[in-house]
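Lettering follows sequence order; numbering is per chain, from 1.
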Number of protein chains: 2
Amino acid sequence: MLSKRTKYGLKALTYMARNHSEGTVQIAMIATSENIPHKFLESILLTLKKTGLLGAKKGKGGGYYLLKEPAEMKMTDIIRTLEGPIAMLPCVSLNYYEKCDDCPDEDTCSVHKLMIQVRDNTLQIFRNTTLADLV
Amino acid sequence: MLSKRTKYGLKALTYMARNHSEGTVQIAMIATSENIPHKFLESILLTLKKTGLLGAKKGKGGGYYLLKEPAEMKMTDIIRTLEGPIAMLPCVSLNYYEKCDDCPDEDTCSVHKLMIQVRDNTLQIFRNTTLADLV
DNA sequence: TATTACCCTATAGGATTACTAGGGTTTAAG
DNA sequence: CTTAAACCCTAGTAATCCTATAGGGTAATA
């Protein structure tokens with residue numbers, strides 16, 4: 001299951017992509033428009049900024065803005081930033097790999113093989129979808 | 001992310017499928033062989049029994065056994081029993097549907113559409129994979 | 001210089017996860 | 001018919017994560 005954090009983040013980014021031409025967007029705008037708790041959204045946009053997906057301008061008339069064209073922003077990057085691993089098991093994660101405690105040998109683990117299939121499939125969708133596709 | 005509960009359950013079922021010809025299998029056997037905490041596994045097998053995937057025989061010489069041929073046991077059934085919804089959002093779940101609080105209209109929600117894609121893809125894998133494929 | 005809007009830390013309440021404890025009940029074997 | 005094996009069931013618990021809020025600090029602009 002996706003966390004609300006990720007879902008909210010995606011909705012916020014989509015909102016920004018829709019209003020892309022109009023410069024900066026304020027937290028409050030997005031929050032009310034997309035029904036996201038203000039302070040929660042604030043922390044989400046902050047992490048998106050830290051990972052280089054968003055830029056921000058302080059002071060009056062400030063706000064957040066996309067650092068890349070929507071068509072350049074892949075789902076893989078967004079979701080990994082907000083949610084973490086895309087894989088369903090740590091032992092099949094490309095970016096957050098971790099060995100299983102119980103499994104003596106990954107190559108012969110049947111669950112491992114199955115989850116690699118799922119991961120590859122999901123990854124293909126996320127790689128081929130950009131923010132522009134969501135608008 | 002899959003819970004350990006689901007992962008352990010899948011491993012246990014696979015173990016049972018491998019030793020399918022030999023009648024009942026005891027919890028202790030599976031637990032030691034697959035490195036699963038005994039009592040935890042007990043509760044997992046219990047729920048698999050309640051949903052009709054496993055049968056059990058009490059008393060000396062008893063144990064658990066598969067109620068269907070491995071080739072008849074679909075991943076969808078197993079995973080839904082142990083993990084719950086397969087979808088990444090409640091609003092795209094077939095079996096555990098729930099409306100989102102924030103979303104006024106699902107049909108125009110971009111995140112919704114994306115997650116339907118992912119669900120359909122994952123579902124196709126799980127529908128076409130049986131316990132026999134894992135052995 | 002006042003206001004706006006982002007920036008940052010801390011934390012609280014609730015849910016979920018991964019177990020563990022402790023015993024009850026049924027069944028088959030000796 | 002007794003005993004021990006093995007499933008059955010109910011609680012509970014420590015740790016972690018999730019969602020969200022509080023409260024103020026800082027930079028920039030009008």
Side-chain angles (χ1 to χ4, degrees), chain A residues 1-12 16 22-32 34-67 82-85 88-90 96 98 100-102, chain B residues 1-12 16 22-32 34-67 82-85 88-90 96 98 100-102:
Chain A
M1 281 278 166
L2 273 195
S3 62
K4 290 212 170 180
R5 190 177 174 76
T6 304
K7 195 194 167 204
Y8 288 161
L10 279 172
K11 285 181 76 174
M16 295 176 76
E22 296 163 31
T24 62
V25 186
Q26 290 92 327
I27 295 176
M29 288 269 197
I30 308 174
T32 57
E34 300 289 328
N35 295 308
I36 305 172
H38 186 283
K39 279 291 200 178
F40 194 19
L41 179 58
E42 203 176 325
S43 94
I44 295 168
L45 296 184
L46 213 51
T47 68
L48 287 172
K49 202 205 123 193
K50 276 183 188 157
T51 47
L53 292 169
L54 290 181
K57 234 179 107 179
K58 284 184 184 176
K60 200 172 191 174
Y64 285 95
Y65 53 92
L66 301 174
L67 277 180
L82 293 170
E83 188 76 13
M88 292 184 94
L89 284 179
Y96 300 83
E98 246 177 271
C100 297
D101 294 336
D102 52 299
Chain B
M1 280 278 166
L2 273 196
S3 61
K4 291 214 169 177
R5 188 177 176 76
T6 304
K7 195 194 168 204
Y8 288 161
L10 279 172
K11 286 181 75 175
M16 293 176 77
E22 295 164 32
T24 63
V25 187
Q26 289 90 328
I27 294 175
M29 288 268 196
I30 307 173
T32 57
E34 301 288 330
N35 295 308
I36 304 172
H38 185 283
K39 278 291 198 180
F40 195 20
L41 178 59
E42 203 176 326
S43 92
I44 295 168
L45 297 184
L46 212 51
T47 69
L48 287 172
K49 203 206 121 192
K50 277 183 188 157
T51 46
L53 292 168
L54 289 182
K57 233 178 105 177
K58 284 185 184 175
K60 202 171 188 176
Y64 285 94
Y65 53 92
L66 300 174
L67 276 181
L82 293 171
E83 188 76 13
M88 293 184 93
L89 285 178
Y96 300 82
E98 246 176 272
C100 297
D101 294 336
D102 52 299

Looking at every heavy atom in both A/Y65 and A/A56, which two are closest together, and how far apart are they?
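Distance-wise, the nearest heavy atoms are CE2-N, 3.5 Å.
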For a quick test of reading the model, state the closest non-hydrogen atom pair linking B/S3 to B/E83 and the distance between them.
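For B/S3 versus B/E83, the nearest heavy atoms are OG-OE1, 2.9 Å.
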Short side-chain N/O contact to C/dC6 OP1/OP2 from A/Y65, under 4.0 Å
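Result: no.
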Distance check: side-chain N/O of B/Y8 vs OP1/OP2 of C/dA18, anything under 4.0 Å?
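B/Y8 to C/dA18 OP1/OP2: no side-chain N or O under 4.0 Å.
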Starting at atom [atom1] of [X], determine the distance to atom [atom2] of [N], rounded to an integer number of angstrom.
X     : N      : atom1 : atom2 : answer
A/K7  : D/dA20 : NZ    : C1'   : 16 Å
A/K4  : C/dA15 : NZ    : P     : 12 Å
A/R5  : D/dT16 : CZ    : P     : 19 Å
A/Y64 : C/dT4  : OH    : P     : 18 Å
A/Q26 : C/dT4  : CD    : C1'   : 9 Å
B/K58 : C/dG23 : NZ    : C1'   : 14 Å
B/H38 : C/dA21 : NE2   : P     : 13 Å
A/M1  : C/dA15 : CE    : C1'   : 15 Å

Between [atom1] of [X] and [atom2] of [Y], what distance do you get to the nearest 0.5 Å?
X     : Y     : atom1 : atom2 : value
A/L41 : A/E34 : CG    : CD    : 9.5 Å
A/M1  : A/K7  : CE    : NZ    : 11.0 Å
B/L10 : B/L82 : CG    : CG    : 6.5 Å

Looking at D/dA6, C/dC7, D/dT19, which one has an atom nearest to any side-chain atom of A/K39?
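Nearest to the side chain of A/K39 among the choices is C/dC7.
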Between C/dC8, C/dA18, C/dC6, spot the one nearest the side chain of A/K50, thanks.
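In terms of side-chain proximity for A/K50, the closest of C/dC8, C/dA18, C/dC6 is C/dC8.
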Close residues, residues 40-49 of chain A, relative to DNA chain D [heavy-atom separation under 4.0 Å]:
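Going residue by residue through residues 40-49 of chain A, the ones with a heavy atom under 4.0 Å of DNA chain D turn out to be A/F40.
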Pairing of B/D102 and A/K4 as salt bridge, 4.0 angstrom limit:
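Not counted as a salt bridge, because no side-chain N and carboxylate O are separated by less than 4.0 Å.
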Which residue, A/T6 or B/K57, contacts DNA chain D at a nucleotide closer to its 5' end, judged by nearest heavy atom?
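The answer here is B/K57.
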Please tabulate, for the side chains in residues 42-53 of chain A, all donor-acceptor contacts under 3.5 angstrom to protein atoms that are two or more places apart in sequence or on a different chain.
| from | atom 1 | to | atom 2 | distance (Å) |
| --- | --- | --- | --- | --- |
| A/S43 | OG | A/R5 | NH1 | 3.3 |
| A/S43 | OG | A/F40 | O | 3.2 |
| A/T47 | OG1 | A/I44 | O | 2.9 |
| A/T51 | OG1 | A/T47 | O | 2.9 |
| A/T51 | OG1 | A/L48 | O | 3.4 |

